[in-house]
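To start, the structure itself, in structure tokens.
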Amino acid sequence: MYFPSYRMRRLRTTEQVRDLVSETDLSTDRLIYPLFVSHGKDVRSEIKSMPGCYQLSISNLVAEAMEVFGLGIPAVLLFGIPAVKDDAGSGAYDDEGIIQMAVAALKESLPELLVITDVCLCEYTSHGHCGIIKDGYVDNDITLEMLTRMAVSHAEAGADIVAPSDMMDGRVAAIRSGLDGEGFINTPIMSYAAKFASAFYGPFREAAESSPEFGDRRSYQMDHRNSNEAVREVLLDLEEGADIIMVKPALPYLDIIYRIKQETRFPLAAYSVSGEYSMLKAAAAQGWLDEKRVVLESLMAIRRAGADMIITYHAREAARWLKE
Ligand code: PBG
């Protein structure tokens with residue numbers, strides 16, 4: 001009987017051989033943990049659609065950050081819930097705003113933890129959009145001024161990296177020149193470069209209290225039918241000075257992650273968003289999926305596609321599982 005000389009199963013016979021020929025790895029030092037910070041004392045309020053994730057007041061945030069840093073997670077990504085919201089999102093660039101105070105507290109207790117801040121107005125505007133509204137439309141150029149002030153105030157508070165997620169055109173250049181002008185020449189920009197208008201952000205909007213009051217985000221976030229456009233978005237952000245580019249969401253957009261990595265070779269972050277987390281949590285709670293295995297498989301898939309780092313709400317659990 002004819003048999004081909006290769007037997008693919010030869011290299012699958014034992015764990016040791018499988019490890020030797022494995023092509024991708026996943027380690028805790030590639031993970032970034034998102035955290036939600038709110039005003040108040042001793043707040044620890046669970047987000048219903050994201051079991052295991054909380055809105056935390058500052059002292060609880062610091063405690064949580066200590067725990068994740070202790071597990072080997074090098075970075076957190078912060079989102080703030082301000083006390084009051086207004087049309088101009090002024091809480092976003094207030095020196096005594098929630099993020100500014102949280103960053104200062106984190107850097108004081110945990111100077112080695114990388115603190116990344118989300119730069120976007122949606123949590124701070126009364127209408128929930130990512131910029132300033134003029135005639136029913138999010139005005140790009142006025143918004144740039146606010147975003148720049150916001151990024152500079154984060155850097156002044158001690159943020160290590162700023163991450164604009166608003167999807168205004170020209171924001172990376174504006175923020176870069178704002179940071180440089182204030183002497184923050186070494187503060188990197190992690191740009192949410194290819195951010196799609198996605199229904200997978202649903203649970204996050206509960207967590208950050210940032211659902212738009214009217215309309216949706218399709219006049220600024222990307223159309224999920226497009227891949228060439230994602231490349232253009234990324235190239236423009238790189239030209240404007242982005243240091244790290246991001247693709248978001250992650251799992252339904254592995255093709256975009258792969259393509260951007262192939263075409264740019266720049267440091268790439270993938271954001272596995274709230275809806276991805278909630279789906280796996282819900283199925284695991286029903287006993288329909290083995291949470292540990294599906295989470296690690298999903299994170300590995302995101303790495304295999306080309307992400308250097310992964311922002312995930314599962315970071316804390318993944319860090320524990322990776323140690324086992
Ligand atoms: C702010 C922002 C959003 C997310 C990250 N930054 C929400 C949005 O664009 O509506 C989503 C994160 C997630 O779903 O986990 N613009």
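All values derive from a computational prediction rather than experimental measurement. We count ligands from 1, going down the list as the structure has it; atoms in each ligand are counted the same way. Just the heavy atoms: all of them, side chains too, but no hydrogens, waters or symmetry mates, feed the values below.
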Original post:
Any chance the side chains of Ser191 and Arg171 put a donor and an acceptor closer than 3.5 Å?
Top reply: yes
Original post:
Between Ser49 and Glu206, does any side-chain donor sit less than 3.5 Å from a side-chain acceptor?
Top reply: yes
Give the atom numbers and elements of ligand 1 that come within less than 4.0 Å of a heavy atom of [X].
{"X": "Lys195", "answer": "1 (C), 2 (C), 3 (C), 6 (N), 8 (C), 9 (O), 16 (N)"}
{"X": "Tyr313", "answer": "12 (C), 13 (C), 15 (O)"}
{"X": "Cys122", "answer": "1 (C), 16 (N)"}
{"X": "Lys248", "answer": "2 (C), 3 (C), 4 (C), 5 (C), 6 (N), 11 (C), 12 (C)"}
{"X": "Phe79", "answer": "5 (C), 6 (N)"}

Original post:
Are the ring centres of Tyr253 and His224 closer than 6.0 Å?
Top reply: no
Subject >> Neighbour count above 12 (heavy atom, 6.0 Å) for Asp223 CG >> reply: yes
Subject >> Tyr271, portion touching ligand 1 at heavy-atom distance under 4.0 Å >> reply: side chain
Subject >> Proximity to ligand 1 by part of Asp118, non-hydrogen separation under 4.0 Å >> reply: side chain
Original post:
Just distances here: any N/O of Ser274 and N/O of ligand 1 closer than 3.5 Å?
Top reply: yes
Original post:
Under a 4.0 Å N-O cut-off, is there an ion pair linking Arg176 with Asp180?
Top reply: yes
**OP:** Taking only Lys NZ, Arg NE, NH1 and NH2, and the carboxylate oxygens of Asp or Glu, determine whether Arg18 and Glu15 approach each other closer than 4.0 Å.
**Re:** yes
Original post:
Looking only at protein heavy atoms, which one is nearest to atom 12 (C) of ligand 1, and how far off is it?
Top reply: Phe204 CD1, 3.3 Å
Original post:
How far does CE of Met309 sit from OH of Tyr271, to the nearest 0.5 angstrom?
Top reply: 14.5 Å
